[in-house]
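The block underneath contains the structure these notes are about, expressed in structure tokens.
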Amino acid sequence: MIWTLPAPAKLNLFLHITGVRDDGYHNLQTIFQLLDYSDEVTLLRRDDGVIRRTEGLAEVEPSDDLIVKAAQALKNYTGTTYGADVGVVKRLPVGGGIGGGSSDAATTLLGLNALWECHLSTDELLGIAVTLGADVPVFVAGHSAWAEGIGEQLTPMDLPEIWFLVLHPGVFVSTAKLFSSEVLTRNKSILKMRDFTDTDIENIFEVIVREQHPEVDLSLSWLNQFSTARMTGTGSCIFAGFDSFEEAEKVLKDMPSKWKGFVAKAVNTSPVFEAINQYSKS
């Protein structure tokens with residue numbers, strides 16, 4: 001039986017850099033907010049040990065695809081003799097800062113851990129996840145969270161389950177270029193979790209992206225007319241919160257047609273766990 005599992009989006013409600021580590025990586029502080037809008041990952045267990053990608057982005061070679069890398073990493077760690085057909089149906093914009101590829105990899109790890117009957121603990125899965133990418137651990141942990149380190153030090157948070165309009169202005173932003181920018185702020189003061197609601201917070205990448213990408217600047221200005229708009233991750237997606245689906249949907253319908261977007265509800269727990277539980281029972 002093919003398992004079809006959600007790989008949810010995330011938003012960074014703020015994003016600071018607090019320093020540069022000896023290994024060259026940046027120490028971050030952020031809040032990850034999970035959404036109920038997802039890619040779909042498909043998994044089918046194979047008995048011949050082969051890992052094969054059945055569906056994905058044509059421009060990404062299977063060997064470079066994070067879902068394949070996640071499956072192979074789990075197989076290597078556990079020594080299982082099983083293989084899998086793995087695929088992903090994309091709904092989340094690529095390179096938008098909402099965690100699409102990282103979430104796909106996390107869902108692959110979680111799903112195959114159950115499908116292959118590996119019985120790895122969450123901590124073991126997190127150890128594999130961090131080798132795949134800094135955003136993968138939060139999706140494996142599966143809860144909205146305060147994050148530090150490179151994004152792998154997670155403290156679960158229960159956040160208001162409001163509605164978000166997420167807008168993609170149709171431009172590609174180079175994460176590597178942003179991190180190497182000479183004007184990037186790398187020494188924000190370290191916040192405590194309790195300071196989140198009463199401290200001046202920001203996405204430190206936003207001002208640079210707005211200057212380098214006029215379309216992001218334009219979309220932020222447009223969305224700010226209706227609710228406070230911010231950029232997520234290193235862009236290029238932006239978002240704004242609303243009290244109801246109807247409010248967010250109305251703004252989405254008024255959005256200029258040159259942009260794309262969706263409305264999603266904030267959730268504190270990833271929907272992937274319930275989906276895996278249902279398949280495991282059947």
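Keep in mind it's a predicted model, so treat the numbers as computed, not measured.
Between Ala129 and Val140, the closest heavy-atom pair is CB-CG2, 3.8 Å. Closest approach of Leu57 to Val94, counting heavy atoms only: CD1-CG2, 3.5 Å. Among all heavy-atom pairs drawn from Ala266 and Leu35, the shortest one is CA-CD2, 4.1 Å. The shortest non-hydrogen separation linking Thr4 to Glu40 is CG2-OE1, 3.8 Å. In this structure, Glu215 and Trp259 approach most closely via the heavy-atom pair OE2-NE1, 2.7 Å. Between Ser236 and Val173 the shortest heavy-atom distance is CB-CG2, 3.7 Å.
A salt bridge links Arg52 with Asp85: the closest approach of a Lys/Arg side-chain nitrogen to an acidic carboxylate oxygen falls below 4.0 angstrom. Taking the charged nitrogens against the carboxylate oxygens, Lys188 and Glu202 do have a contact shorter than 4.0 Å, which makes a salt bridge. A salt bridge between Arg210 and Glu206 is present, with a side-chain N of the basic residue lying under 4.0 Å from a carboxylate O of the acidic one. A salt bridge links Asp104 with Lys90; the closest basic N to acidic carboxylate O contact falls under 4.0 Å.
Few gaps surround CD on Gln153; more than 12 heavy atoms of other groups in view lie less than 6.0 Å from it. Sparse packing is recorded around CD1 of Ile2, with 12 or fewer heavy atoms of other residues, nucleotides or ligands lying under 6.0 Å away. More than 12 heavy atoms of other residues, nucleotides or ligands lie within 6.0 Å of CG in Asp23, so this atom counts as buried by the packing criterion.
The side-chain tip of Arg91 does not point at the ring of Phe262 from less than 6.0 angstrom away and within 45° of straight on.
For the atom pair CH2 (Trp3) and CG (Leu44), the distance works out to 11.0 Å, reported to the nearest 0.5 Å. Between atom CG of residue Asp135 and atom CG of residue Leu132 there is a gap of 12.0 Å, rounded to the nearest 0.5 Å. To the nearest 0.5 Å, the span separating OG on Ser270 from CG on Leu110 amounts to 7.5 Å. Rounding to the nearest 0.5 angstrom, the gap separating the CG atom in Leu74 from the CG atom in Leu109 is 6.0 Å. Taken from CD in Glu247 to CG in Leu252, the straight-line distance is 13.5 Å, to the nearest 0.5 Å. To the nearest 0.5 Å, atom CG of residue Leu115 and atom CE of residue Met1 are 8.5 Å apart.
A donor-acceptor pair under 3.5 Å links the side-chain atoms of Ser103 to the main chain of Pro8, judged by distance alone. Ser227 contributes no side-chain N or O that, together with a main-chain N or O of Ala240, makes up a donor-acceptor pair within less than 3.5 Å. Using a distance-only test at 3.5 Å, with no hydrogens or angles considered, no donor-acceptor pair links the side chain of Lys260 to the main chain of Leu167. Using a distance-only test at 3.5 Å, with no hydrogens or angles considered, no donor-acceptor pair links the side chain of Thr30 to the main chain of Phe32. Looking at Ser102, its side chain never comes within 3.5 Å of a backbone N or O of Gly99 through a donor-acceptor pair. A donor-acceptor contact shorter than 3.5 Å is absent between the side chain of Ser219 and the backbone of His168. Side chain of Asn224 to main chain of Ala229: a donor-acceptor pair is present (N/O by atom type, distance under 3.5 Å, no hydrogens or angles). Formation of a donor-acceptor pair under 3.5 Å by the Asn268 side chain with backbone atoms of Leu159 is found in this model. Listed for the Thr232 side chain is a donor-acceptor partner under 3.5 Å among the backbone atoms of Asn12. Within the 3.5 Å criterion, the main-chain N or O of Lys177 finds a donor-acceptor partner in the side chain of Ser180.
Neither Leu28 nor Phe139 shares a network with the other; the hydrophobic side chains, linked directly or stepwise wherever heavy atoms of I, L, V, M, F, W or Y lie under 4.5 Å apart, form separate groups for each. Taking hydrophobic clusters as Ile, Leu, Val, Met, Phe, Trp and Tyr residues chained together by side-chain heavy-atom distances below 4.5 Å, Leu218 shares a cluster with Val251. Hydrophobic cluster membership differs between Leu92 and Val60, with clusters built from Ile, Leu, Val, Met, Phe, Trp and Tyr side chains linked at under 4.5 angstrom. Under a hydrophobic-cluster definition in which Ile, Leu, Val, Met, Phe, Trp and Tyr are linked whenever side-chain heavy atoms come within less than 4.5 Å, directly or via other members, Leu11 and Phe242 are assigned to different clusters. Placement of Ile238 and Ile98 in two distinct hydrophobic clusters is found when ILVMFWY residues are connected by side-chain heavy-atom separations under 4.5 Å, directly or transitively.
Residues Ser144 and Gln33 have side chains that bring a donor and an acceptor to within less than 3.5 angstrom of each other. In the model, His143 has a side-chain atom that pairs as donor or acceptor with a side-chain atom of Asp158 under 3.5 Å. There is a side-chain donor-acceptor pair under 3.5 Å between His26 and Arg186. With 3.5 Å as the limit, one finds no donor-acceptor pair spanning the side chains of Glu249 and Trp163.
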Stepwise, does the side chain to side chain contact (heavy atoms under 4.5 Å, CB included) test hold for Asp217 with His213?
CA-CA 7 Å; Asp217 180 65; His213 300 275; over 6 Å; no
Would Asn27 and Glu148 satisfy side chain to side chain contact (heavy atoms under 4.5 Å, CB included), going step by step from the backbone distance to the final call?
CA-CA 7 Å; Asn27 281 322; Glu148 297 180 292; over 6 Å; no
The test is side chain to side chain contact (heavy atoms under 4.5 Å, CB included); show your working for Thr108 and Leu5 and say whether it passes.
CA-CA 9 Å; Thr108 301; Leu5 303 174; over 6 Å; no
Step-by-step side chain to side chain contact (heavy atoms under 4.5 Å, CB included) determination, Thr54 to Val86
CA-CA 6 Å; Thr54 57; Val86 296; 6.0 Å; no
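Aromatic ring pairs are classed by plane angle as parallel below 30°, tilted from 30° to 60° and perpendicular above 60°; the pair Phe14 and Trp146 is tilted. Ring geometry, Phe164 versus Phe239: the interplanar angle exceeds 60°, so the pair is classed perpendicular (tilted spans 30 to 60°).
Between Leu178 and Gln212 the shortest side-chain heavy-atom distance falls below 4.5 Å. Contact check for Ile17 versus Thr185: no side-chain heavy atoms found under the 4.5 Å cut-off. Counting heavy atoms from C-beta outward, Leu126 and Glu152 have side chains that stay 4.5 Å or more apart.
Listed by chain and number, the residues in a salt bridge (Lys or Arg N to Asp or Glu O under 4.0 Å) with Asp243 amount to none (sequence neighbours excluded).
Counting only residues at least two apart or in different chains, side chain to side chain donor-acceptor pair (under 3.5 Å) contacts with residues 60-70 comprise Arg53-Asp65.
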